[in-house]
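Below, chains carry the letters A, B, ... as their sequence lines are ordered, and counting in each starts from 1.
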Amino acid sequence: MPRSPRRAFARPATEVAPDLLGQVLARRLSDGRVLRARIVETEAYEQDDPASHAYRGRTPRVRVMFGPPGHLYVYFTYGMHHCMNVVTGPKGTGSAVLLRAAQPLEGMDRMSVHRGTDRILDLCRGPGRFAQAFDVDRSLVRGSEIWIERDPTAVSAIVRSGPRIGIRVGTDRPWRFWIDGPWVSLSRPAAPSPR
DNA sequence: TCCCCGATTAACT
DNA sequence: GTTAATCGGGGAG
């Protein structure tokens, strides 16, 4: 599958976030094994957005958000979790798209080791889980083998949107985007229909 | 330097 | 439904 070029992310996060749905995050591990997962849930964080880490300007932590688009901004939170973001907008703009959930496609056995569970549904369901499944933390630096692919055979799905999760401000902006299904965070496998 | 709290998760009742 | 785990960022002093 073709890699999405960096310029594909040189747009507002609110445009990139829904566009990323259905695209595939891929990573080559040090032993050559490749992990792949289809992105099904994202959130946009713009610079003039009180919920964004970039809202208070350029600090050491968020400097990569202000860098060139297409890079990965990884942050550490709650003392134990890492979250992955794709940097968006032109260089100098502090914006990014949080990768919240994905459908595992390839390398699930390895993801299970990283996650410490065999439950496929839980491998990449939630931003902390997604990053852990891909063994991504702040040691990932420029040049690491991680990229995004666009699957030309993918069928388009209906993109839903709503308020972002886990924030106290900026809740009026409906900048969470997802594709319905069991892989989205805060969802459980569909219960048997009563009919 | 101190202190609060977070773009979360898992394990509880 | 609630809450502990766990630590770095960044504002206040």
Side-chain angles (χ1 to χ4, degrees), chain A residues 9 12-21 23 25 37 39-67 69-89 93-104 108 111-141 146 148 159-179 182-189 191:
Chain A
F9 308 105
T14 48
E15 289 183 21
V16 174
D19 191 48
L20 275 172
L21 300 177
Q23 296 195 49
L25 181 71
I39 299 165
V40 298
E41 181 183 352
T42 59
E43 285 179 359
Y45 287 87
E46 297 285 6
Q47 188 170 341
D48 76 337
D49 169 6
S52 173
H53 292 167
Y55 184 62
R56 291 174 183 80
R58 265 180 223 248
T59 61
R61 177 175 62 153
V62 300
R63 74 185 184 287
V64 63
M65 285 183 74
F66 289 83
H71 287 248
L72 201 64
Y73 163 55
V74 180
Y75 68 88
F76 180 66
T77 192
Y78 291 103
M80 62 189 87
H81 301 299
H82 295 272
C83 297
M84 302 182 288
N85 300 253
V86 177
V87 175
T88 58
T93 299
S95 61
V97 172
L98 173 67
L99 304 181
R100 286 196 57 93
Q103 173 187 1
M108 281 95 94
M111 294 184 200
S112 293
V113 172
H114 295 155
R115 286 276 299 115
T117 179
D118 287 331
R119 293 200 51 182
I120 303 298
L121 266 176
D122 287 345
L123 292 182
C124 302
R125 206 186 74 208
R129 293 160 167 175
F130 194 0
Q132 188 179 38
F134 271 64
D135 196 29
V136 164
D137 59 30
R138 286 168 299 173
S139 69
L140 257 190
V141 294
I146 190 163
I148 286 173
V159 173
R160 307 203 181 275
S161 66
R164 293 168 294 180
I165 293 173
I167 56 174
R168 308 284 310 248
V169 293
T171 52
D172 54 317
R173 309 186 189 205
W175 290 352
R176 172 178 179 240
F177 303 90
W178 72 93
I179 294 170
W183 311 105
V184 175
S185 72
L186 302 184
S187 78
R188 297 250 119 206

In this structure, is the centre-to-centre distance between the rings of A/His53 and A/Tyr45 below 6.0 Å?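 A/Tyr45 vs A/His53: aromatic centres not under 6.0 Å.
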Write down the protein N/O and nucleotide N/O pairs, taken from nucleotides 3-5 of chain C, whose separation is under 3.5 Å; answer none if there are no such pairs.
none

Measure [atom1]/[X] against [atom2]/[N] and give the value in whole Å, please.
X: A/Arg58; N: C/dG9; atom1: CZ; atom2: P; answer: 18 Å
X: A/His82; N: C/dC7; atom1: NE2; atom2: P; answer: 11 Å
X: A/Phe130; N: B/dT8; atom1: CZ; atom2: P; answer: 15 Å
X: A/Glu43; N: B/dT8; atom1: CD; atom2: C1'; answer: 12 Å
X: A/Leu99; N: B/dT8; atom1: CG; atom2: P; answer: 13 Å
X: A/Tyr75; N: C/dC7; atom1: OH; atom2: C1'; answer: 15 Å
X: A/Asp49; N: B/dA7; atom1: CG; atom2: C1'; answer: 10 Å
X: A/Met65; N: C/dG9; atom1: CE; atom2: C1'; answer: 14 Å

Side-chain contact, heavy-atom cut-off 4.5 Å: A/Cys124 with A/Arg129?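 A side-chain contact is absent here, since even the closest heavy-atom pair is not under 4.5 Å.
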Verify the stacking flag for A/Tyr45 against B/dA7: centroid separation must be under 5.5 angstrom and the ring planes must differ by under 30 degrees.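 Stack criterion met.
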Can a donor-acceptor pair be found, under 3.5 Å and without considering hydrogens, that links the side chain of [X] to the backbone of [Y]?
X: A/Thr42; Y: A/Ala17; answer: yes
X: A/Asp137; Y: A/Ser139; answer: yes
X: A/Gln103; Y: A/Ile39; answer: no
X: A/Asn85; Y: A/Ala96; answer: no

Considering every strand and a 4.0 Å limit on heavy-atom distances, what is the contact class for A/Ile167: base, sugar-phosphate, or nothing?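 Sugar-phosphate: the residue A/Ile167, judged by heavy atoms under 4.0 Å, touches backbone atoms but no base.
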Does A/Arg173 form a salt bridge (Lys or Arg N to Asp or Glu O under 4.0 Å) with A/Asp48? I'd like the steps, not just the answer. CA-CA 12 Å; A/Arg173 309 186 189 205; A/Asp48 76 337; 3.7 Å; yes
Rounding to the closest angstrom, what is the interatomic distance between B/dA7 and C/dG1 at atom P?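 Result for the P pair: 22 Å, nearest Å.
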Distance between the P atoms of C/dT6 and B/dC2, in whole angstroms?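 Those two atoms are separated by 22 Å.
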Only pairs with both distances under 3.5 Å count, Watson-Crick or wobble alike; so what is the partner of C/dG8 in this structure?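 Paired with C/dG8, as far as the under-3.5 Å criterion goes, is B/dC5.
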Using nucleotides 10-13 of chain C, report all nitrogen or oxygen pairs with the protein that are shorter than 3.5 Å.
residue: C/dG10; atom: OP1; partner: A/Thr59; partner atom: OG1; Å: 2.8
residue: C/dG10; atom: OP2; partner: A/Thr59; partner atom: OG1; Å: 3.1
residue: C/dG11; atom: OP1; partner: A/Arg56; partner atom: NE; Å: 3.4

Residue from A/Met108, A/Arg125, A/Arg115 passing side chain to side chain contact (heavy atoms under 4.5 Å, CB included) with A/Ile120: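 Among A/Met108, A/Arg125, A/Arg115, the one meeting side chain to side chain contact (heavy atoms under 4.5 Å, CB included) with A/Ile120 is A/Met108.
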Which of these passes side chain to side chain contact (heavy atoms under 4.5 Å, CB included) with A/Val136: A/Leu99, A/Leu25, A/Ile146?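 It is A/Ile146, the one option of A/Leu99, A/Leu25, A/Ile146 that forms the side chain to side chain contact (heavy atoms under 4.5 Å, CB included) with A/Val136.
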Can you find a side-chain donor-acceptor pair between A/Gln47 and A/Thr93 that sits under 3.5 Å?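 Checked: A/Gln47/A/Thr93 side chains show no N/O donor-acceptor pair below 3.5 Å.
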Output a table of nitrogen or oxygen pairs between the protein and nucleotides 10-13 of chain B separated by less than 3.5 Å.
residue: B/dA10; atom: OP1; partner: A/Arg115; partner atom: NH1; Å: 3.2
residue: B/dA10; atom: OP1; partner: A/Arg115; partner atom: NH2; Å: 3.1
residue: B/dA10; atom: OP2; partner: A/Arg129; partner atom: NE; Å: 2.8
residue: B/dA10; atom: OP2; partner: A/Arg129; partner atom: NH2; Å: 2.4

Tell me whether A/Arg164 is salt-bridged to A/Asp172, with the criterion being a basic N under 4.0 Å from an acidic carboxylate O.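 No, A/Arg164 and A/Asp172 are not salt-bridged.
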Whether over 12 other heavy atoms sit under 6.0 Å from A/Tyr55 OH: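 Counting other residues, nucleotides and ligands, OH of A/Tyr55 stays at 12 neighbours or fewer.
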